[in-house]
Amino acid sequence: MKSKKIILGLLVVLIILASALYLKKESTYSLVQDQAKTENPQGQKSENPDGRSLEDIAADKKIAKQRAKNRKDWLEEGWAGSVKRGGDIVLGPIDSQRTEGLFADLDQATENYIESKPDVYPPREDGHENDHNADLVFMQTVDYRVVDLIGSIPLDKRKGPIQGLKNEDLFAYEARRLDGKYDELILAKPQGQKEWRVVFAGSYYDLKKALQ
């Protein structure tokens, strides 16, 4: 009788151990699968299913905060700041060619573009101190990644909207959409042409795809 109880007890222990090992195996497999889902093809972990890296998520938050501050400062004070550039890359003419006239031309080209798409962008208004009815619709982009992305591509490797264009032939603006999101606007003025024009409009992530 005692031997039967011992055998029965051993069987119960073995069943419990087998169940525990199975559950541990399943738990480990699920953990590996979940981790794989949060990594992009390069193995970088991402907090979002859209494939953004942790660095991009942090940058998006920083840029959104700066844009909100710029808009507030524009409405209340009539001026807007910017974000520190990520590197030493500069788009557009440099030195003596970087004049007020250059930025007037860029502003005009950008304004012409957003006015041609009233279903996408709000109308631009001239803001000034304590003018709460004015709004900041566009300005030079505060997303430093845009300039760094373009500047990092060698001239002979440039594709899509910047194909064949040098850094001095390009400029980056941003425009707030009616839905509150922001588009990066890439303006170009190839050598020999008289006017700047928008050659790309979309998010930073759209731009990355367009340049691949």
Side-chain angles (χ1 to χ4, degrees), residues 59 62-63 66-118 120-129 131 134-177 181-204 206-208 210-211:
K62 176 182 177 182
I63 291 162
Q66 184 64 44
R67 283 170 170 162
K69 183 179 185 303
N70 284 350
R71 192 176 177 199
K72 180 176 181 293
D73 289 343
W74 177 262
L75 291 172
E76 296 179 358
E77 307 294 340
W79 62 274
S82 185
V83 164
K84 268 189 176 181
R85 296 297 172 195
D88 299 325
I89 298 169
V90 176
L91 296 184
I94 57 176
D95 299 332
S96 60
Q97 295 181 320
R98 212 171 180 85
T99 63
E100 290 185 8
L102 166 66
F103 291 102
D105 291 343
L106 289 165
D107 283 355
Q108 188 61 59
T110 304
E111 186 168 358
N112 291 344
Y113 179 80
I114 66 172
E115 285 183 348
S116 71
K117 299 183 178 298
V120 179
Y121 307 104
R124 185 199 183 194
E125 302 173 43
D126 293 325
H128 55 79
E129 187 175 0
D131 182 357
D135 208 346
L136 182 63
V137 178
F138 69 81
M139 62 177 290
Q140 294 180 54
T141 185
V142 299
D143 192 338
Y144 48 86
R145 298 172 298 178
V146 171
V147 175
D148 289 348
L149 172 63
I150 293 174
S152 68
I153 305 174
L155 181 60
D156 61 344
K157 301 292 184 182
R158 295 186 174 185
K159 300 177 181 179
I162 67 169
Q163 183 173 3
L165 297 172
K166 301 177 181 179
N167 285 355
E168 54 263 36
D169 301 330
L170 298 163
F171 217 93
Y173 267 56
E174 66 182 25
R176 185 174 54 81
R177 300 164 55 97
K181 297 179 181 179
Y182 281 77
D183 277 346
E184 305 298 336
L185 303 182
I186 305 302
L187 293 96
K189 184 184 177 185
Q191 295 294 325
Q193 293 193 13
K194 295 182 179 180
E195 297 181 349
W196 290 88
R197 63 186 181 89
V198 175
V199 295
F200 172 85
S203 71
Y204 163 70
D206 293 332
L207 179 62
K208 286 180 70 174
L211 301 187

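All values reported here derive from a predicted model rather than from experimental measurement.
- Here Lys208 pairs with nothing under the side chain to side chain donor-acceptor pair (under 3.5 Å) rule; sequence neighbours left out.
- The two residues Ile114 and Ala175 have their closest heavy-atom pair at CG2-CB, 4.2 Å.
- Listed by chain and residue number, nothing satisfies the side-chain contact (heavy atoms from CB on, under 4.5 Å) test with Ser152 (two or more places apart in sequence, or in another chain).
- Rounding to the nearest 0.5 angstrom, the gap separating the OH atom in Tyr204 from the CG atom in Asp183 is 15.5 Å.
- For Phe138 and Tyr182, the ring centers sit 6.0 Å or farther from each other.
- Side chain of Asp148 to main chain of Arg145: no donor-acceptor pair is present (N/O by atom type, distance under 3.5 Å, no hydrogens or angles).
- Listed by chain and residue number, nothing satisfies the side chain to side chain donor-acceptor pair (under 3.5 Å) test with Tyr113 (two or more places apart in sequence, or in another chain).
- Sorted by first then second residue, the salt bridge (Lys or Arg N to Asp or Glu O under 4.0 Å) pairs that include residues 97-117, not counting sequence neighbours, are Glu111-Arg124.
- Applying the salt bridge (charged side-chain N to carboxylate O under 4.0 Å, His left out) criterion to Lys72, with sequence neighbours excluded, gives Glu76.
- Atoms CG and CD1, on Asp143 and Ile63 in that order, are 3.5 Å from each other to the nearest 0.5 Å.
- Here the straight-line distance linking atom CD of Glu174 with atom OG of Ser203 works out to 12.5 Å at 0.5 Å rounding.
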Donor-acceptor pairs are to be reported for all side-chain atoms of residues 184-202 against protein atoms at under 3.5 Å, with residues two or more places apart or in another chain.
residue : atom : partner : partner atom : Å
Glu184  : OE1  : Thr141  : OG1          : 2.6
Glu184  : OE2  : Arg67   : NH2          : 2.8
Gln191  : NE2  : Asp169  : OD1          : 3.0

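- The structure places CD of Glu168 at 8.5 Å from CD of Gln97, a figure rounded to the nearest 0.5 Å.
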Donor-acceptor pairs under 3.5 angstrom involving side-chain atoms of residues 153-163: please list them, not counting sequence neighbours.
residue : atom : partner : partner atom : Å
Arg158  : NE   : Ile153  : O            : 2.9
Arg158  : NH1  : Leu165  : O            : 2.7
Arg158  : NH1  : Asn167  : OD1          : 3.2
Arg158  : NH2  : Ile150  : O            : 3.2
Arg158  : NH2  : Ile153  : O            : 3.2
Arg158  : NH2  : Asn167  : OD1          : 2.6

